[in-house]
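Input: a single structure, listed below in structure tokens.
Within every chain, numbering begins at 1; the chains are lettered A, B, ... in the order of the sequence lines, protein sequences first and strands thereafter.
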There are 2 protein chains.
Amino acid sequence: MISQTSEYALRAVVCLAQNPDKPHTTAEIAKWTKVPEHYLSKVLLALAKHEVVISKKGLHGGYVLAHDPEDLPLLNVINAVDPIKHIKSCPLKLKTHGTHLCRLHKQVNDSIDMIEELFRTSTVALILNEPTQSIPLCESVTTQRGAN
Amino acid sequence: MISQTSEYALRAVVCLAQNPDKPHTTAEIAKWTKVPEHYLSKVLLALAKHEVVISKKGLHGGYVLAHDPEDLPLLNVINAVDPIKHIKSCPLKLKTHGTHLCRLHKQVNDSIDMIEELFRTSTVALILNEPTQSIPLCESVTTQRGAN
DNA sequence: TAAATAAAAGATAAACATATCCTTTTATCT
DNA sequence: AGATAAAAGGATATGTTTATCTTTTATTTA
């Protein structure tokens, strides 16, 4: 439903939100999130281009979040790497439909709208707070990874 | 959000629902739905295997719907060709998470649940009825294709 | 200024989804 | 029975996503 790339991007962003103390390198994030390192590098590049994260080159460089978790909807993360595309005109290119979708494509597009709305209204902060039994990305249930 | 294959399957099923008089061949359906004919052939095969449609070989054969449009949720069509997969256990394979999803993956899975629910409750009949300006798959707004 | 560090960029490969083509099987009609 | 129609199945091709590896560029520190 959402692409592997989006999943990776979400993991990376949550990871950075959990460890806001300093920039983290691609290698670090890759290890923590279990995302293939060189692939993650491309993902982070896209996130930086869309100003979801900020990159810093050189020694002690790495990536940090560009916004507070409260101000960062998951949708922004997803759209940075794999933009949600709405159906705006008839996929069959029927001339009489044009921009007015038939029931079928309206229904499909409604589902896209729903997903978008859900991700627009859920911020990264929402993921961090409300701790359940499982801490995102962390193996242990009692300690944050940053504590190691 | 939904695959090209699912879109094709939905088109084919709606097409058959619009023309319930007799079996229709792959070639006919392909022409009406603007789906590549040989690819559609595989799609219809999957739909038949999942008993969404019924195939009839030989002269005057083709495909018909296996159920009344009222009894056919769009979800069944989608699941026949490209099953919606839920997140059931931690994608990072974190042992302590196991089957108890963290907030991140719960959120993503919730979106999958939402989509599934929407498609479960929308039947093919819903697509046919409530005519808007555009008739599904039909270029003309005044005549059903079957009338040609 | 030199060395070390880390992101950026580019090139290549593997896996998967989509699409096409060709042959075989099955049913129907005369 | 023979001819025809149509689905079923198999093999191959194209395109896109995902993944890996290497080189280049920018930054920091000593």
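For A:T25, taking side-chain heavy atoms from C-beta onward, the closest of the listed nucleotides C:dA7, C:dT18, D:dA7 is C:dA7. Taking every side-chain heavy atom of B:H60 into account, C:dC29 is the closest of D:dA7, C:dC29, C:dA9. Comparing D:dA7, D:dA26, D:dT20 against the side chain of A:K42 picks out D:dT20 as the nearest. Relative to the side chain of A:P36, the nucleotides C:dA19, C:dA11, D:dA19 differ in distance, and D:dA19 lies closest. For B:Q4, taking side-chain heavy atoms from C-beta onward, the closest of the listed nucleotides D:dA11, D:dA8, C:dA19 is C:dA19.
Within the 4.5 Å cutoff, the side chain of A:I2 has no heavy atoms near those of the A:D82 side chain. Taking the side chain as every heavy atom from C-beta outward, A:N109 and A:H86 approach each other to under 4.5 Å.
The side chain of B:Y39 places no N or O atom within less than 4.0 Å of a non-bridging phosphate oxygen (OP1 or OP2) of D:dG15. The side chain of A:S55 places no N or O atom within less than 4.0 Å of a non-bridging phosphate oxygen (OP1 or OP2) of C:dA6.
For the pair A:H38 and A:L59, both in contact range of DNA chain C, the more 5′-proximal nearest nucleotide belongs to A:L59. Heavy-atom nearest nucleotides on DNA chain D were determined for A:Y8 and for A:K57, and the one closer to the 5' end corresponds to A:Y8.
Across all strands, B:K56 comes closer than 4.0 Å only to sugar-phosphate atoms, never to a base (heavy-atom distances). A:S41 comes within 4.0 angstrom of no nucleic acid atom, judged by non-hydrogen atoms across all strands.
Across all strands shown, D:dT23 forms a Watson-Crick or G-U wobble pair with C:dA8, both key distances being under 3.5 Å.
Atom CD1 in A:I78 sits roughly 17 Å away from atom C1' in D:dT17 (whole-Å rounding). For the pair B:E7 CD and C:dA19 P, the computed distance is 11 Å after rounding to whole Å. If you measure from atom CG of A:L45 to atom C1' of C:dA6, you get 13 Å, rounded to the nearest angstrom. Here the P atom of nucleotide D:dA19 and the CG atom of A:D82 are 13 Å apart, to the nearest Å. Nucleotide C:dA7 holds its C1' atom 11 Å from the CD atom of A:E37, rounded to whole Å. If you measure from atom NZ of A:K31 to atom P of C:dA6, you get 14 Å, rounded to the nearest angstrom. Spacing between atom NZ of B:K34 and atom P of C:dA19 amounts to 15 Å, rounded to whole angstrom units. Taking atom NZ of B:K49 as the reference point, atom P of D:dA8 lies 8 Å away to the nearest angstrom.
Under a hydrophobic clustering in which Ile, Leu, Val, Met, Phe, Trp and Tyr are joined whenever their side-chain heavy atoms come within less than 4.5 Å, directly or via other members, A:M114 and B:I112 fall into different clusters.
A:E28 and A:K31 are not joined by a salt bridge, as no carboxylate oxygen comes within less than 4.0 angstrom of a charged side-chain nitrogen.
In this structure, A:Q107 contributes its side chain and A:L104 its backbone to no donor-acceptor pair below 3.5 Å.
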